[in-house]
Amino acid sequence: MQRRRVLAAVCGAGTAGCLGEECPSRTDADPPPESWPMPGFDAANTGLDPDGDSPPDDPPERWRFDAWEHDDHGGVASAPVVDDERVYVVYGLSAPDDRFPPEQDDEGAVFALEEATGELEWEHSLSDPSGAPALVGDGLVVGDGDGTLTRLERRGGDVVWETDLGAAVRTPAVADGWCYVQTDDGRVFAVDVDTGERCWDDRQKGIRDRLGLGDEHRATGRPAVGDETVVVLTGSNDDPPPWTVLVRGLDKESGSERWAIELEDPARSSMLPSPAVADGTVYVAVPGELQARSVEDGSREWTFATGVDATSSPTVGEDAVYLGAKNVYAVDRDTGEERWRHVNLAPDDDESSSGTDRTPITGAPVVVGDRVLVGFGALDREDGEHRWGAVGDDEESDYFEGGSFGRELPTDGQAVANGALYATTRWGRLAKFGGDDAS
């Protein structure tokens with residue numbers, strides 16, 4: 001199914017431009033706040049909060065927020081991020097992988113909701129939303145389709161700085177004082193979170209780029225930031241096929257390319273799940289399989305076959321990797337063998353989903369305590385048994401649209417903080433389960 005080759009050892013196929021000095025970690029940098037500061041929880045995208053508290057089983061719904069009641073531009077919603085005072089979500093994202101996306105124009109907004117009540121506290125307009133926000137210090141950073149990366153104050157939403165990155169800005173990852181982010185044309189940037197100044201940028205250039213025939217690569221996910229390496233996925237815009245996905249490891253301080261692996265993409269995935277990095281291994285979900293590769297050189301460690309094209313970003317626990325790929329899977333981190341699966345009864349493709357109330361699971365699981373949070377519910381971490389809530393295969397649910405493939409949750413999953421679960425449907429409903437009762 002795949003065609004793999006090492007493209008470059010150091011800087012061979014890509015171009016890295018260091019706009020200033022290298023970008024070392026800064027001990028005085030504002031860290032992301034506690035709670036759930038970015039999709040995937042941390043800059044490595046693990047989706048694991050080792051010190052967090054999962055909601056108790058069968059938690060009540062504390063509140064719900066329907067974004068379409070506050071913004072009539074349409075579109076879909078991002079994964080939420082949370083601090084101890086507010087919940088933040090972007091609404092108005094395009095949905096290229098949906099068969100029947102909601103009607104929308106280009107505009108949208110960042111919404112900041114009061115954590116305890118779900119009441120709208122402030123909003124910041126976006127010309128063309130293109131990714132989820134990430135929190136850092138007393139602010140948040142968010143990208144826009146016009147190429148702007150913006151830092152806003154968490155309290156009030158005032159603009160702190162803006163910088164132009166030249167193409168639609170995807171979801172940032174924040175680590176050690178730097179914001180690592182991809183743009184739609186496949187470029188990767190390291191941006192100072194305090195000032196908005198760019199340190200380095202990298203672009204994988206192909207023949208089409210060099211001849212001025214348009215962008216050869218595209219990106220939708222966020223980087224996964226390890227101790228020394230930033231791992232990114234970029235898809236090809238080749239037409240006709242074969243289509244490919246590049247998995248690349250970039251030097252964290254300079255942006256130079258350490259290695260690149262080319263994988264086939266028979267589905268021409270319009271949404272590339274973000275990779276995750278943990279303990280020297282990068283986990284990559286591509287159509288039909290989950291791969292574990294060395295962060296050092298990109299070499300393959302194991303492959304787990306899922307058999308379906310649409311998957312979530314992987315989530316990395318202490319001893320297993322969790323993935324939504326129609327079913328939910330727990331895969332042994334060392335061997336790549338299946339530990340358990342939560343079977344979803346949804347159909348396999350868009351056309352056959354008509355008339356069913358069951359929704360495939362393609363949102364990233366979240367691991368907190370002894371629970372794997374999926375959708376608007378939870379599975380047991382040990383055996384995958386359903387514990388509570390709607391996880392995507394419920395016949396009746398207030399949170400899932402019946403008969404709609406791929407439109408249940410953002411592929412980046414939910415947030416778990418303050419003893420509560422916060423989950424967003426891609427069509428704009430955000431709900432809180434558990435935690436304090438504001439009433």
L379 vs V328 side-chain heavy atoms within contact, under 4.5 Å | yes
Measure from the side-chain N and O atoms of D380 to the backbone N and O of E385, and report whether any donor-acceptor pair falls under 3.5 Å.
-> no
Ignoring hydrogens and geometry, is there a side-chain-to-backbone donor-acceptor pair from S130 to V169 under 3.5 Å?
-> yes
In plain terms, say whether D184 and R170 are close enough for a salt bridge, that is, a side-chain N and a carboxylate O under 4.0 Å apart.
-> yes
Considering residues at least two apart in sequence or located in another chain, which fulfil the salt bridge (Lys or Arg N to Asp or Glu O under 4.0 Å) criterion with D71?
-> none
Are any side-chain N or O atoms of T362 and backbone N or O atoms of A310, one a donor and one an acceptor, separated by less than 3.5 Å?
-> no
Polar side-chain atom of D192 near backbone of D194 as donor-acceptor pair, under 3.5 Å = yes
Does A132 offer a backbone N or O that forms a donor-acceptor pair with the side chain of S78 under 3.5 Å?
-> no
Counting N and O atoms only, with roles assigned by atom type, does the side chain of Q414 sit under 3.5 Å from a partner on the main chain of G375, one being a donor and the other an acceptor?
-> yes
Of all the heavy-atom pairs spanning V90 and G131, show the shortest one and how long it is.
-> CG2-O, 3.5 Å
How about Y180 and F189: are their ring centroids closer than 6.0 Å?
-> no
Locate the shortest heavy-atom distance separating Q182 from A219; write the atom from each residue and the value.
-> NE2-CB, 3.5 Å
One should read off an interatomic distance between L113 CG and H70 NE2, to the nearest 0.5 angstrom, of 8.0 Å
Is R154 reaching over with its side chain to a backbone N or O of G137, donor-acceptor style, under 3.5 angstrom?
-> yes
Atom of S313, atom of P365 and distance for their closest heavy-atom approach = O-CD, 4.4 Å
Between P55 and L421 the two heavy atoms that sit nearest each other are CG-N, 3.6 Å
Rounded to the nearest 0.5 Å, the CG atom of L290 sits from the OH atom of Y322 at a distance of 13.0 Å
Do the side chains of T163 and T148 get nearer than 4.5 Å, heavy atoms only?
-> no
Examine distances only and state if a side-chain atom of R429 and a backbone atom of F65 form a donor-acceptor pair shorter than 3.5 Å.
-> no
Test side chain to side chain donor-acceptor pair (under 3.5 Å) on D144 and S127 and set out the steps.
-> CA-CA 7 Å; D144 205 340; S127 65; 3.2 Å; yes
Is the shortest distance from a Lys or Arg side-chain nitrogen in R86 or E121 to a carboxylate oxygen in the other one below 4.0 Å?
-> yes
Apply the test side chain to side chain contact (heavy atoms under 4.5 Å, CB included) to residues R64 and K432: give CA-CA distance (whole Å), side-chain angles for both, the deciding distance (0.1 Å), then the verdict.
-> CA-CA 6 Å; R64 66 173 61 175; K432 173 187 174 181; over 6 Å; no
T425 to A77 - nearest heavy-atom pair and separation | O-CB, 3.8 Å
Which atom of P39 lies closest to which atom of T171, heavy atoms considered = CG-CG2, 3.9 Å
Once you round to the nearest 0.5 Å, how far does CG of D42 lie from CG of L48?
-> 7.5 Å
Between F41 and W36, does the ring centre distance come in under 6.0 Å?
-> yes
Nearest 0.5 Å please: distance from the CZ atom of R187 over to the CG atom of L165.
-> 8.0 Å
Whether W178 side chain and A173 backbone form a donor-acceptor pair below 3.5 Å = no
Would the number of heavy atoms belonging to other residues, nucleotides or ligands and lying under 6.0 Å from CG of D227 be above 12?
-> no
Does a donor on one side chain and an acceptor on the other come within less than 3.5 Å for Y283 and R333?
-> yes
Find out whether R248 and V188 are in side-chain contact, i.e. whether some heavy atom of one side chain is under 4.5 Å from a heavy atom of the other.
-> yes
Within a radius of less than 6.0 Å around CD of E34, do more than 12 heavy atoms belonging to other residues, nucleotides or ligands occur?
-> no
Between the main-chain N or O of V193 and the side-chain N or O of W161, is there a donor-acceptor pair closer than 3.5 Å?
-> yes
Is any side-chain heavy atom of E162 closer than 4.5 Å to a side-chain heavy atom of R151?
-> no
Approximate separation, where rounding is to 0.5 Å, of R155 CZ and E153 CD | 10.0 Å
Please tell me if the side chains of V141 and T150 come closer than 4.5 Å, counting only heavy atoms from C-beta onward.
-> no
A378: partners by side-chain contact (heavy atoms from CB on, under 4.5 Å), with sequence neighbours left out | R371, L373, W388
Should L233 and L246 count as side-chain neighbours, where that means a heavy-atom distance under 4.5 Å?
-> no
Ionic contact status for D176 with K252, cut-off 4.0 Å | yes
List in chain and number order the residues that pass salt bridge (Lys or Arg N to Asp or Glu O under 4.0 Å) with D49, two or more places apart in sequence or in another chain; answer none if no residue qualifies.
-> none
Less than 4.5 Å apart, any side-chain heavy atom of W122 and any of D158?
-> no
Check step by step if side chain to side chain contact (heavy atoms under 4.5 Å, CB included) holds for L263 and V247.
-> CA-CA 8 Å; L263 308 176; V247 187; 3.8 Å; yes
How about V391 and F376: do any of their side-chain heavy atoms sit closer than 4.5 Å?
-> no
Name the one of P33, P172, S35 that satisfies side chain to side chain contact (heavy atoms under 4.5 Å, CB included) with L135?
-> P33
Decide yes or no on side chain to side chain contact (heavy atoms under 4.5 Å, CB included) for T306 and L323, but give the supporting numbers first.
-> CA-CA 9 Å; T306 64; L323 186 74; 3.7 Å; yes
With side chain to side chain contact (heavy atoms under 4.5 Å, CB included) as the test, would you mind laying out the steps for D128 and E107 before giving the verdict?
-> CA-CA 5 Å; D128 185 10; E107 297 182 40; over 6 Å; no
Starting at OG1 of T311, measure out to CD1 of I361 and round the result to the nearest 0.5 Å.
-> 13.0 Å
